[in-house]
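Numbers here simply count residues along the sequence, with the first being 1.
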Amino acid sequence: MTAPALLPLSGRRIPPLNLGPPSFPHHRATLRLSEKFILLLILSAFITLCFGAFFFLPDSSKHKRFDLGLEDVLIPHVNANKGAKNPGVFLIHGPDEPRHREEEERLRNKIRADHEKALEEAKEKLKKSREEIRAEIQTEKNKVVLEMKMKEKKPLPPVPIPNLSGINGGDPEDNDIRMKREKIKEMMKHAWDNYRIYGWGHNELRPIAKKGHSTNIFGSSQMGATIVDALDTLYIMGLHDEFRDGQKWIEDSLDFSVNSEVSVFEVNIRFIGGLLAAYYLSGEEIFKIKAVQLAEKLLPAFNTPTGIPWAMVNLKSGVGRNWGWASAGSSILAEFGTLHMEFVHLSYLTGDPVYYKKVMHIRKLLQKMDRPNGLYPNYLNPRTGRWGQYHTSVGGLGDSFYEYLLKAWLMSDKTDLEARNMYDDAIEAIEKHLIKKSRGGLTFIGEWKNGHLEKKMGHLACFAGGMFALGADGSRNKAGHYLELGAEIARTCHESYDRTALKLGPESFKFDGAVEAVAVRQAEKYYILRPEVIETYWYLWRFTHDPRYRQWGWEAALAIEKYCRVSGGFSGVKDVYSSTPAHDDVQQSFFLAETLKYLYLLFSGDDLLPLDHWVFNTEAHPLPVLHLANTTLSGNPAVR
């Protein structure tokens with residue numbers, strides 16, 4: 001969940017013109033002879049250039065093979081070396097020299113024949129009238145559209161489906177807890193119903209202006225981010241009519257073939273994560289199909305010299321770029337490092353190893369790089385493969401990279417030991433250099449900047465309390481230590497809430513001198529319905545059942561209800577230290593995906609989405625653990 005000023009407004013994260021379908025130029029009433037001659041000349045020159053290029057391009061058959069060095073795939077039914085002759089080798093040896101010469105001659109003859117055929121076709125084309133040319137163009141357009149539709153409807157192959165547990169249930173026995181859970185459900189209905197009325201199909205909602213809202217992370221198109229993000233929360237809460245409304249919109253209106261530039265990271269965690277979770281929970285095939293369609297649109301972002309993806313990609317053209325503010329054109333650790341969970345599940349469900357290979361390549365590259373003080377800097381240049389500015393954070397820009405190392409291990413049924421070791425190494429360096437205790441006894445996670453520690457902690461970093469608790473079991477003989485560290489972080493983040501007028505936490509808070517767990521700058525005093533503190537309360541509750549975490553969660557829920565609820569939904573506030581705060585008039589999609597879901601789970605029984613069967617992505621979308629011995633093969637990919 002990265003969040004520099006303007007950009008990332010959501011969970012662990014960061015925050016473009018729809019030109020519509022391609023148009024074709026008008027043809028004149030008649031084509032003059034000179035125009036025909038020029039067109040014929042251009043076609044001939046182009047074909048000749050292609051013919052000549054054959055002799056001058058490098059001989060690819062002489063290239064050395066490239067061994068990615070991937071270890072065995074974590075997914076048994078997916079072959080990472082599909083089409084390769086040797087394990088780990090993805091380019092095949094060229095033939096011997098005599099056969100190579102014969103092949104060259106065959107190719108020359110074929111190019112000559114194609115050249116002559118193309119010239120004849122061009123001559124025939126120029127003899128036709130404008131109407132005939134237009135008709136042919138329209139026929140070709142219709143053929144392309146039909147092919148795209150057929151591809152979208154093509155069923156995915158049957159693959160092993162995990163045996164799922166804890167999709168329903170969680171009803172608390174205690175009447176008080178049941179009442180609190182029902183209140184959270186009512187808050188979810190208020191948020192959803194108003195979005196349904198005033199922002200349907202838009203990415204987010206302006207609950208005071210009562211109209212749709214979007215930010216640059218979603219591009220210029222109405223992609224219904226709130227619908228996709230909220231689906232699994234609706235399902236878990238038993239709001240099945242609302243879930244079906246969302247499903248119908250996705251079937252009828254969710255279109256990824258738009259000329260729109262989106263954040264690869266945000267679209268992955270919110271859309272792909274949300275669609276995959278909805279598929280696993282409901283078994284509805286449309287969600288899996290849409291997730292795969294979108295994933296294919298993101299793959300061009302990986303076309304960089306290093307394989308580290310761009311931050312943004314145009315869904316139509318496939319052109320990628322990085323944020324202008326990122327260090328010297330760098331990609332961001334928390335963005336390219338927060339793809340693993342979703343991409344492994346994509347390979348699992350499709351049988352296509354391409355997604356797995358992309359994220360494993362990122363991991364292999366990071367393993368080879370030097371890390372100052374054992375810390376991962378937040379910026380990496382995708383062109384050079386070198387670190388950018390030496391800035392390390394467990395809050396914005398870095399956070400979910402560490403989260404996904406741990407969760408890759410958990411999601412693999414604890415077989416991905418490489419991920420676990422990377423996580424343990426990283427956390428040991430973080431504890432040594434970034435985690436400190438204030439004079440007042442509060443444990444906080446600072447940020448490493450230019451060789452010194454900045455004693456400031458962001459709301460985004462408060463997720464780490466839950467992460468430490470989640471990773472305690474399986475740590476290097478330090479399970480009790482990390483559970484206690486998680487509890488200390490939870491206490492610090494609770495203090496950041498308790499020391500405000502609204503009992504809601506600021507965006508970041510300092511530990512300088514007499515100032516502890518308090519925001520100093522006006523630009524850091526806002527609360528935008530973020531979930532990280534409540535997320536940590538939930539994990540600590542699951543592992544300890546200490547009633548303080550439910551108490552703290554209820555305090556936060558009451559504060560959100562009192563200060564953020566408006567007639568048209570829920571809004572963030574601009575100053576948590578003011579008793580009469582102004583609203584920012586944005587109902588973030590992650591409020592429905594994360595904040596309300598974690599609150600609902602906090603007041604539910606442990607049998608709802610048990611953590612030995614489910615792993616939550618960084619947008620709180622639950623994905624099943626891939627128990628390798630606990631799968632079933634079926635001719636129907638969605639057997640329930």
Let me know which of Arg196, Lys189, His190 forms a side-chain hydrogen bond (donor to acceptor under 3.5 Å, both in side chains) with Asp193. Lys189

Should the pair Lys290-Glu251 be classified as a salt bridge under the 4.0 Å nitrogen-to-oxygen rule?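 Salt bridge absent between Lys290 and Glu251.
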
Look at Glu204 together with Arg270 and state whether they make a salt bridge at an N to O cut-off of under 4.0 Å.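 Yes, this pair counts.
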
Can you give me the closest heavy-atom contact between [X] and [Y], atom names plus distance?
{"X": "Ser331", "Y": "Trp310", "result": "OG-CA, 4.4 Å"}
{"X": "Ile560", "Y": "Met187", "result": "CG2-CE, 4.0 Å"}
{"X": "Ser220", "Y": "Ser260", "result": "N-OG, 2.9 Å"}
{"X": "Ala490", "Y": "Thr536", "result": "CB-CG2, 3.6 Å"}
{"X": "Ala225", "Y": "Phe271", "result": "CA-CZ, 3.5 Å"}
{"X": "Tyr563", "Y": "Ala501", "result": "OH-O, 4.4 Å"}

Residue pair [X] / [Y], side-chain heavy-atom distance below 4.5 Å:
{"X": "Leu609", "Y": "Ser604", "value": "no"}
{"X": "Glu266", "Y": "Glu335", "value": "no"}
{"X": "Asp546", "Y": "Trp541", "value": "no"}
{"X": "Glu619", "Y": "Ser589", "value": "yes"}
{"X": "Leu275", "Y": "Ile272", "value": "no"}

Could you check whether any side-chain N or O of [X] sits under 3.5 Å from a backbone N or O of [Y], counting only pairs where one atom can act as donor and the other as acceptor?
{"X": "Thr500", "Y": "Tyr497", "answer": "yes"}
{"X": "Asn314", "Y": "Gly318", "answer": "no"}
{"X": "Tyr355", "Y": "His340", "answer": "no"}
{"X": "Lys407", "Y": "Glu403", "answer": "no"}
{"X": "Asn203", "Y": "Ser221", "answer": "yes"}
{"X": "Asn322", "Y": "Ala311", "answer": "yes"}
{"X": "Asn268", "Y": "Thr338", "answer": "yes"}
{"X": "Glu284", "Y": "Tyr279", "answer": "no"}
{"X": "Asp584", "Y": "Gly572", "answer": "yes"}
{"X": "Ser347", "Y": "Asp352", "answer": "yes"}

Exercise: do [X] and [Y] side chains pair donor with acceptor under 3.5 Å:
{"X": "Tyr537", "Y": "Gln551", "answer": "no"}
{"X": "His621", "Y": "Asp229", "answer": "yes"}
{"X": "Tyr527", "Y": "His459", "answer": "no"}
{"X": "Arg530", "Y": "Thr595", "answer": "no"}

Which residues satisfy the salt bridge (Lys or Arg N to Asp or Glu O under 4.0 Å) test with Asp252, sequence neighbours excluded? Lys248

Just verifying a value: how many Å separate [X] [atom1] and [Y] [atom2], rounded to the nearest 0.5 Å?
{"X": "Asn259", "Y": "Leu315", "atom1": "CG", "atom2": "CG", "answer": "9.0 Å"}
{"X": "Leu592", "Y": "Phe570", "atom1": "CG", "atom2": "CZ", "answer": "9.0 Å"}
{"X": "Ile534", "Y": "Trp538", "atom1": "CD1", "atom2": "CH2", "answer": "13.0 Å"}
{"X": "Leu502", "Y": "Lys525", "atom1": "CG", "atom2": "NZ", "answer": "12.0 Å"}
{"X": "Thr226", "Y": "Gln588", "atom1": "OG1", "atom2": "CD", "answer": "9.0 Å"}
{"X": "Ile289", "Y": "Thr350", "atom1": "CD1", "atom2": "OG1", "answer": "12.5 Å"}

Dump the intermediate steps for side chain to side chain contact (heavy atoms under 4.5 Å, CB included) on Met467 and Leu406, then the final yes or no. CA-CA 8 Å; Met467 180 179 71; Leu406 173 63; 4.0 Å; yes

Where do Asp606 and His545 land on the side-chain hydrogen bond (donor to acceptor under 3.5 Å, both in side chains) test, with the steps shown first? CA-CA 10 Å; Asp606 294 356; His545 278 203; 2.7 Å; yes

Students often mix this up, so state it plainly: with edges at 30° and 60°, are the rings of [X] and [Y] parallel, tilted or perpendicular?
{"X": "Tyr549", "Y": "Trp552", "result": "perpendicular"}
{"X": "His240", "Y": "Tyr235", "result": "perpendicular"}
{"X": "Phe616", "Y": "Tyr598", "result": "tilted"}

Show your reasoning for whether ring-ring contact (aromatic ring centres under 6.0 Å, His included) applies to Trp192 and Trp200. CA-CA 10 Å; Trp192 174 265; Trp200 193 241; 5.6 Å; yes

Residues Ser263, Phe218; criterion side chain to side chain contact (heavy atoms under 4.5 Å, CB included); working and verdict: CA-CA 7 Å; Ser263 162; Phe218 302 120; over 6 Å; no

Phe302/Phe343 under ring-ring contact (aromatic ring centres under 6.0 Å, His included): CA gap, chis, key distance, verdict: CA-CA 13 Å; Phe302 292 82; Phe343 275 46; 5.7 Å; yes

Evaluate the criterion salt bridge (Lys or Arg N to Asp or Glu O under 4.0 Å) for residue pair Glu555 and Lys180; output intermediate values, then yes/no. CA-CA 11 Å; Glu555 288 173 2; Lys180 289 172 178 174; over 6 Å; no

What do the steps show when you test Glu535 against Cys462 for side chain to side chain contact (heavy atoms under 4.5 Å, CB included), and what is the final call? CA-CA 9 Å; Glu535 175 184 355; Cys462 284; over 6 Å; no

Given the rule in the side-chain hydrogen bond (donor to acceptor under 3.5 Å, both in side chains) test, do Asn617 and Glu342 qualify, once you have shown the distances and angles that lead to the verdict? CA-CA 8 Å; Asn617 87 338; Glu342 298 81 4; 2.9 Å; yes

Show, in sequence, the C-alpha distance, side-chain angles and deciding distance for Tyr198 and Arg206, and conclude whether the side chain to side chain contact (heavy atoms under 4.5 Å, CB included) test is met. CA-CA 8 Å; Tyr198 303 115; Arg206 288 194 176 277; over 6 Å; no

Could you walk me through whether Asp232 and Lys597 pass salt bridge (Lys or Arg N to Asp or Glu O under 4.0 Å), step by step? CA-CA 9 Å; Asp232 54 3; Lys597 183 187 287 120; 3.0 Å; yes

Per side-chain contact (heavy atoms from CB on, under 4.5 Å), Lys358 is matched among Leu298, Leu339, Leu346, Leu299 by Leu299

Tell me every residue that passes side-chain hydrogen bond (donor to acceptor under 3.5 Å, both in side chains) with Ser496, counting only those two or more places apart in sequence or in another chain.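 Ser496 satisfies side-chain hydrogen bond (donor to acceptor under 3.5 Å, both in side chains) with no residue once adjacent residues are dropped.
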
